[in-house]
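Fair warning: this is a prediction, and the values are worked out from it, not measured in the lab.
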Amino acid sequence: MKISIVIHSYNMLPNEFIKLQESLINQTFGFHNIQIIIVDNGSVISESKNLILEFERIYDNVDIILFDKHCNDYDAYKIGLSKVKTNYVILFNSRDVLYSNSCELLYNAVNESNAEVVVGNYYSLKNKSNLDEYFSNDCLFSDNNIDYNVLNIDFALGSRIYKKELLDDIFSINEIESWAYFNFETLINAKSVKIINNMIIQLNGDIKNNSIFNLDKLLILNKLIKEEYSDLTIAIKTPNLSKDKHWGDYFYSIALKKAFEKKGFNVIIHEREFWNSDDNADIVVVLRGVVEYSPKSNHINIMWNISHPADVSIDEYENFDFVFIASEKFANEINNKTNVLVKPLLQCTDPEVFYYIDNEKFNDELLFVGVTRGIFREIVKDINKTNHNFSVYGYGWDRYINKKFIKGDFIPNNILNQAYSSCKILLNDHWEDMKDNDFPSNRLFDALACGTFVISDNIESSNILFEGNIINYTDFKDLNKKVEYYLTHDDKRKSIANVGREIVLKYHTFDNRVDEILEILKNYNYNRFLIK
């Protein structure tokens, strides 16, 4: 036997079986060259069962598998595939009919071309084949010159022949979620694909899939899978205007750009007024803080929600292909509310910017760096109730605290590490929605990278994340007690800060985060890129 046909049958009518049987027996290829495997998927029509059992009794090359209960089509085909004895397989629906020369055409095409998939045409009264719209002539594609329009050919199951090894890989590794997914996985993983513009089957049911893929996105993802990073351009959308280069989001985008460039990507940064600039971008990474971005369909669109989760709606998340959220707790919550892939991706640091370097100019015992945005921030309010001197850098503080504590409006990012390194204790807090949803701030990562000791408001995940090397406080009395203790215990303070630094440098750099992003993208379920 040269080829195998695995036929899925469910409540097949007797006249349908007779037409199918005749089309199999009358193949010009020779019926004896075909292994027939019929999987009856829990049919309740006893006459049909009797007919296929009689078929098996008469012919040695016919095998029947009977299910007591109905299961999904994919599992039925998988069981049938386990009985295949040849190198080439056709998956077939029992209601369809082969033309007399179909097996010969498919076998000759796959055997002569050594393709892993051969795609033929079909005839149907219900559906007009669209193969001619994409390919008017026979053609052969290898994996480095494939025309991805092959993904958009109507998926008429029995009109194709596969190498068995390819199907074994697809059915064993992947959970088949839809025929669109099966179609994509077989074609994208095939080393070569042959198109023949010959009628193979008369389709009496519906085509298995008439979904159209977004080919722009599939091409980009395929380059990601093959790690052809130098062929891809990433646009990082940062919410600041170009005149506002003191925003933390802007410095965050610079560090992220550098990490992607280390992998070989071409990377550009778009400030808010340039968000509609394409610059031939393939992948868009939106740093979602305080401003919403509207994705375009020709890009792979990634949101990294690094702050202000209360400002983001479920509908906005749904507009993206991938969503990363800087909180494991909140990512899991949103993942249960949306169809888009949502994964936790915590904030991080750039150790080439944030490292220890002392500067006497910033020789502060207690330091807080941050703006008010019209709010008397909790840790500053609490330290202000104590008798300690402290230093604050940031806009808007003159309405809340004595001016003697305000040392400046802004510390440039390129010397911020000097301020962190030179203080004895860095004070940190979180905006209310970030605290409620467990978003550890980037200041924790940056400060620890400098070997800085940090006291912070209590955020749920910090003890596990930093292994107890961020000291949390509960109220101003607790804050005062801990500040007094650690100011007088230098060795303890420095030891805690150094252990925290080791943790951050090992697990929480932008290089770590880019590795995480790429790993998730390369293992993505491509059904998201169906557009109908």
Side-chain angles (χ1 to χ4, degrees), residues 148 214-242 245 247-289 291-307 312 316-317 319-326 331 340-353 413 442 508-526 528-529:
Y148 284 88
N214 185 316
L215 295 183
D216 290 327
K217 296 187 179 187
L218 287 180
L219 287 168
I220 295 166
L221 260 187
N222 196 47
K223 288 181 180 179
L224 280 172
I225 292 168
K226 295 179 179 180
E227 299 187 357
E228 296 172 354
Y229 300 148
S230 62
D231 293 337
L232 295 172
T233 297
I234 296 175
I236 300 174
K237 309 289 185 177
T238 180
N240 63 286
L241 297 171
S242 57
K245 294 190 185 296
W247 281 35
D249 305 73
Y250 177 70
F251 299 119
Y252 205 85
S253 70
I254 292 173
L256 183 59
K257 176 179 186 287
K258 186 166 59 176
F260 274 119
E261 287 175 336
K262 288 179 185 178
K263 294 291 186 181
F265 290 95
N266 307 292
V267 188
I268 50 180
I269 294 173
H270 286 156
E271 289 101 342
R272 195 193 316 169
E273 66 263 44
F274 304 115
W275 275 6
N276 290 324
S277 301
D278 278 347
D279 291 346
N280 299 315
D282 301 296
I283 302 168
V284 167
V285 179
V286 178
L287 298 179
R288 181 57 162 100
V291 183
E292 181 177 353
Y293 170 81
S294 297
K296 297 179 180 178
S297 62
N298 59 314
H299 301 142
I300 288 182
N301 293 290
I302 300 170
M303 178 201 288
W304 191 356
N305 187 189
I306 59 176
S307 64
V312 188
E316 183 181 345
Y317 287 126
N319 289 331
F320 286 81
D321 300 306
F322 303 88
V323 170
F324 296 104
I325 296 179
V340 70
L341 180 71
V342 179
K343 292 287 185 180
L345 192 72
L346 301 181
Q347 295 202 56
C348 52
T349 192
D350 180 357
E352 295 178 6
V353 175
N413 196 66
N442 67 302
H508 302 296
T509 67
F510 278 93
D511 291 343
N512 295 137
R513 297 299 181 259
V514 165
D515 285 340
E516 292 175 60
I517 291 169
L518 294 179
E519 183 67 21
I520 290 169
L521 263 60
K522 288 189 289 187
N523 290 282
Y524 184 55
N525 184 326
Y526 309 102
R528 182 72 181 177
F529 295 154

- request: Evaluate the side-chain proximity of Phe251 to Val353: yes if any heavy-atom separation is below 4.5 Å, no if none is.
  value: no
- prompt: Is a side-chain N or O of Asn305 found less than 3.5 angstrom from the main chain of Arg288, in a donor-acceptor match?
  reply: yes
query: With distance as the sole test, does Trp304 use its side chain to make a donor-acceptor pair with the main-chain N or O of Leu345 at under 3.5 Å?
result: yes
query: If you take all heavy atoms of Val340 and Phe320, which pair is closest and at what distance?
result: CG2-O, 2.9 Å
- prompt: Partners of Ser297 by side chain to side chain donor-acceptor pair (under 3.5 Å), sequence neighbours excluded?
  reply: none
- request: Name all residues meeting the ring pair (Phe, Tyr, Trp, His ring centres under 6.0 Å) criterion together with Phe324; count only those two or more places apart in sequence or in a different chain, and write none if there are none.
  value: none
message: The test is side chain to side chain contact (heavy atoms under 4.5 Å, CB included); show your working for Val312 and Ile325 and say whether it passes.
response: CA-CA 11 Å; Val312 188; Ile325 296 179; over 6 Å; no
All side chain to side chain donor-acceptor pair (under 3.5 Å) counterparts of Lys258, not counting sequence neighbours: Asp350, Glu352
task: Please name the pair of heavy atoms, one in Lys237 and one in Tyr293, separated by the smallest distance, quoted to 0.1 Å.
output: CE-OH, 3.8 Å
List the atom pairs, donor and acceptor, that lie under 3.5 Å between side-chain atoms in residues 512-521 and the rest of the protein, sequence neighbours left out.
residue, atom, partner, partner atom, Å
Asn512, OD1, His508, N, 3.0
Asn512, OD1, Thr509, N, 2.9
Asn512, OD1, Thr509, OG1, 3.0
Arg513, NE, Leu346, O, 2.6
Arg513, NH1, Tyr507, O, 3.0
Arg513, NH1, Glu516, OE2, 2.9
Arg513, NH2, Gln347, O, 3.1
Arg513, NH2, His508, ND1, 2.7
Asp515, OD1, Lys263, NZ, 2.6
Glu519, OE2, Asn523, ND2, 3.2

message: Determine whether a donor-acceptor pair (N or O, by modelled atom type, separation under 3.5 Å) exists between the side chain of Asn266 and the backbone of Asp231.
response: no
message: Looking at every non-hydrogen atom in both residues, tell me the closest pair between Lys296 and Asn276 and how far apart they are.
response: NZ-O, 3.1 Å
query: Who passes salt bridge (Lys or Arg N to Asp or Glu O under 4.0 Å) against Asp511, sequence neighbours left out?
result: Lys262
- prompt: With sequence neighbours left out, what residues match Phe260 under ring pair (Phe, Tyr, Trp, His ring centres under 6.0 Å)?
  reply: Phe265
- prompt: Heavy atoms, side chains only, cut-off 4.5 Å: are Thr233 and Asn280 in contact?
  reply: no
field: side chain to side chain donor-acceptor pair (under 3.5 Å) partners of Glu228, counting only residues at least two apart
entry: none
task: With sequence neighbours excluded, tell me which residues meet salt bridge (Lys or Arg N to Asp or Glu O under 4.0 Å) with Glu227.
output: Lys522
- prompt: Asn442: what forms a side chain to side chain donor-acceptor pair (under 3.5 Å) with it, not counting sequence neighbours?
  reply: Asp446
task: Quick one: closest heavy-atom pair of Ile300 and Asp321, and the distance?
output: CA-OD2, 3.5 Å
Contacts of type side chain to side chain contact (heavy atoms under 4.5 Å, CB included), residue Pro344, not counting sequence neighbours: Glu328, Ala331
Sub-4.5 Å side-chain heavy-atom contact between Asn240 and Glu271: yes
query: So do Val286 and Asn301 actually touch side chain to side chain, heavy atoms under 4.5 Å?
result: no
query: Which pair of heavy atoms, one from Tyr252 and one from Cys348, lies closest together, and at what distance?
result: OH-N, 3.7 Å
- prompt: Excluding sequence neighbours, so at least two apart, what forms side chain to side chain contact (heavy atoms under 4.5 Å, CB included) with Val291?
  reply: Pro239, Arg272, Trp275
message: To check you understand the geometry: which heavy-atom pair defines the closest contact between Leu287 and Asp249, and what is its length?
response: CD1-O, 3.7 Å
